[in-house]
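These numbers were taken from a predicted model, which means no experiment stands behind them. Basis for what follows: all heavy atoms, side chains included, without hydrogens, waters or symmetry-related copies.
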Amino acid sequence: MNKIVLLTLMLLLSACGAEQRYVVTSPDGALAVTLSLDGQGRPQYQVSRNGVTVVQPSQLGVVLSGRDLSRGLELASADQPSQVRGSYSMVQGKRRHITYVANEQLFHLRKSGGAALDIAFRVSDDGVAFQYRFPGHSAQVKVVDEERTSFAFAGDTRAWLQPIAVAQTGWKNTNPSYEAHYQMDIPVGEASPSPAGWVFPALFHTSGGWVLISESGMDGNYHGSRLQAQSPGGEYRIGLPMDAEVFTGGALKAQSTLPFHSPWRLLVVGELADLVDSTLGTDLAPPAIAEMPWVKPGLASWSWALLKDSSVNYSTQKRFIDYAAQMGWPYTLVDADWDRNIGYEKIAELADYAAQKNVRLLLWYNSSGAWNKTEYSPKGKLLQREPRRREFARLEKMGIAGIKIDFFAGDGKSMIDYYQALARDAADFHLLVNFHGATLPRGIQRTFPNVMTAEAVHGFEMITFMQASADLAPTHMAMLPFARNAFDPMDFTPTTFSEIPNIQRRTSNGFELALPIVFLSGLQHIAETDSGMSAVPGYVRDFMRDIPAGWDDSRFIDGYPGSYFVVARRAGDTWYLAGINGTEEEKTLSVDLSFIGPRIGELIGDGDSAREFARRELETGSAVKLAIPGHGGFVATFPPSRLVLD
């Protein structure tokens, strides 16, 4: 494409009365974002796809240390449009090697008196992103008092949104932790059941396509955002965290000396395949702070999921180390109160025992200081940098592989900075990190490759606590790949074939078998116990032994949010196919698997009952028939050794 054509695609400048309009398009020309300034100097944007508006005119701007940078602005200048190209690798997620291409333009807005606001727009073939930049230099800290960003939708748009809990509510005052169910297929404008608002990612279906909204590119200077509870007329506004969502004594709102910038506000736009296949959430994140070749994704045995607190003892953990070794899994997670129930010296013994079996330990920590009432320990050891680094050095010396850190306070600026400090210090001591009771990762796993996963989901442990959660589990899990798990790793802790104590499980064994492939997480903590795994057919155990936790490629096959989901993922030369049906009725699908090439695979799915397995051969093709029972699921593997010969 020559320069003149490229500039024509990227920038359209017109004047109509007092309003100025500027258009930046995607490299393929399908997506366009229009920036405009009205007669009162208020910046707005709107997004279209193939000429159809998907995001209506929406607000831009911030209030920075009392200066309203959302009105009374004029365009001082606009940089020449440019094309951004990049490539990077991920140790976890849907794709190992990723290439990113986008068109970008930076607009310099000024207010009388000299206050300045720059807005960068970046448009790729799968989405639109924009970022506020606060130029200049200052010794004084500037605070983002309010952000005026909004996302406006037509009245016929439908929404899939998760409410966020009010801070300092819930068990031991541990909310918010992003652990609610999504409200599915609701009309835009419907208020959140929580006054705290809605979390990211937020999913919308418009007449012009699907839109998934989130943010990426946190650097510790900005708070984590969400959507406000009220959205009159279908216009959703960026919301602030609640006052209590801070590290004790720390800052709530974004702040820094100048210059600094906001995270990227990102909107993936297209069909469901575009959303599920997109890597925009990591494309926009800061690059890795360092190469970390020691970071290895993998599966882990975990006693607490079904056996709870009483299982955190020396003999049970030794048994689960044996379990991991038998399954060929690299990790065993030792959960809360290990320091009191087992102790450091005996943990060191367990670490040595595990090492002899090519297994390494992950240890649980309580992140919290005064921000909740939790008593599980070790507690308070990670709050300050020097004691934290001494603790991490001790763990490294013991041969511990990583840490699971629980019970964070929310999304305040100081809490986001705490996440980053934990990840950075852990990397110095070769420790993997799993954040629990936590916020959405927002691409942090690209910046810190040792951050393997985060909870931020109404996961399996909630199913073990409440029958209502078990009843909603099939539709809930069929929703997660389209929003929560679209960009960021998710520690749902999947897969149990056993019955759950005092709970009626609603998912079939085939459904459960599919989950470690359906869900993306650098660490997959398998809920099933050693005794439960020994009771399933040998071919199921063999499959569970070989499940990768990192993927070379992924491809959306079919699905609908909250209804069903089918995905193909590749590790090396082997393709894996997995599907779950969140509805009560059987789904009969015809899917195109011709991209795999001519191969014969093995499918493992549900047998005559939901608690039985069955297997059969499955040949690839352009119209492969699949039948998934209600609340059922399946997996299939297509190794290169099983080519179909003419």
Side-chain angles (χ1 to χ4, degrees), residues 160-166 169-186 192-194 199 302-311 335-336 374 376 406-407 436-437 455-481 483-485 490-516 518-519 525-529 531-533 535-536 561-565 580-587 606 609-612 628-633:
W160 285 254
L161 302 170
Q162 181 191 140
I164 186 168
V166 172
T169 62
W171 181 79
K172 300 288 186 179
N173 299 77
T174 53
N175 281 329
S177 52
Y178 285 63
E179 293 182 15
H181 288 98
Y182 272 80
Q183 307 289 306
M184 300 187 214
D185 200 14
I186 62 175
S192 171
S194 166
V199 307
W302 180 40
S303 67
W304 192 92
L306 288 172
L307 304 182
K308 298 298 187 274
D309 292 353
S310 62
S311 71
D335 219 277
T374 57
Y376 282 119
D406 212 336
F407 303 136
H436 246 240
E455 186 182 27
V457 68
H458 193 93
F460 177 75
E461 68 177 9
M462 306 302 286
I463 295 171
T464 70
F465 295 149
M466 298 174 287
Q467 185 60 49
S469 293
D471 293 343
L472 292 171
T475 54
H476 175 57
M477 288 190 269
M479 171 68 210
L480 296 173
R484 164 61 184 90
N485 204 200
M490 180 181 73
D491 194 24
F492 190 91
T493 66
T495 307
T496 181
F497 309 123
S498 301
E499 296 308 312
I500 303 169
N502 304 312
I503 296 291
Q504 292 185 340
R505 179 158 62 90
R506 302 304 187 196
T507 54
S508 74
N509 280 357
F511 190 113
E512 294 290 321
L513 186 62
L515 294 180
V518 166
F519 295 155
H525 298 96
I526 301 301
E528 186 54 84
T529 64
S531 58
M533 192 66 72
V536 301
S563 178
Y564 68 105
F565 182 73
I580 56 174
N581 181 1
T583 72
E584 295 181 350
E585 303 298 323
E586 180 175 286
K587 290 281 186 188
D606 296 304
S609 75
R611 296 299 180 263
E612 296 181 5
I628 316 176
H631 293 177

State, without any angle test, whether [X] and [Y] hold a side-chain donor-acceptor pair at a distance under 3.5 Å.
X	Y	value
K308	T464	yes
D309	W304	yes
E461	T493	no
S192	S194	no
D335	Y376	no

Any sub-3.5 Å donor-acceptor pair from [X]'s side-chain atoms to [Y]'s backbone N or O?
X	Y	value
E528	S498	yes
E455	G437	yes
R484	A456	yes
H436	F407	no
T495	E512	yes
Q467	Q504	yes

Exercise for review: Return the set of residues passing salt bridge (Lys or Arg N to Asp or Glu O under 4.0 Å) with D471 (not counting sequence neighbours), or none when no residue passes.
Suggested key: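 Here the qualifying residues are R506.
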
Taking C-beta and beyond as the side chain, do [X] and [Y] meet within less than 4.5 Å on heavy atoms?
X	Y	result
S469	H458	yes
V518	F565	yes
N175	V166	no
D185	W160	yes
L306	T496	yes
Q162	H181	no
S563	K587	yes

Run the ring pair (Phe, Tyr, Trp, His ring centres under 6.0 Å) test against [X] and tell me which residues pass, sequence neighbours left out.
X	value
F497	F613
F492	F519
F460	none

Between atom [atom1] of [X] and atom [atom2] of [Y], what is the distance when rounded to the nearest 0.5 Å?
X	Y	atom1	atom2	result
M479	N485	CE	CG	11.0 Å
L513	N509	CG	CG	8.5 Å
N502	F465	CG	CZ	12.0 Å

**Study point:** Within 6.0 Å of CD in E586, more than 12 heavy atoms from elsewhere
**Key:**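 Atom CD in E586 is packed in, count exceeds 12.
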
If you look at every heavy atom in [X] and [Y], which pair is closest and at what distance?
X	Y	value
A514	I580	CB-CG2, 3.8 Å
W171	T374	CZ3-CG2, 3.8 Å
Y182	A483	OH-CB, 3.4 Å

Review point. Looking at residues at least two apart in the chain, or sitting in another chain, which of them share a side-chain contact (heavy atoms from CB on, under 4.5 Å) with A610?
Key: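 Residues passing side-chain contact (heavy atoms from CB on, under 4.5 Å) with A610: S508.
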
Practice item. Using side-chain contact (heavy atoms from CB on, under 4.5 Å) as the criterion, list what pairs up with S609, not counting sequence neighbours. Key: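 Expected list: R611, E612.
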
Check your understanding: Passes side chain to side chain contact (heavy atoms under 4.5 Å, CB included), D491 versus V457? Steps please.
Key -> CA-CA 8 Å; D491 194 24; V457 68; over 6 Å; no

Check your understanding: For the side-chain contact (heavy atoms from CB on, under 4.5 Å) test, which of D606, I628, T475, T507 pairs with N581?
Key ->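 Per the side-chain contact (heavy atoms from CB on, under 4.5 Å) rule, the option paired with N581 is I628, out of D606, I628, T475, T507.
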
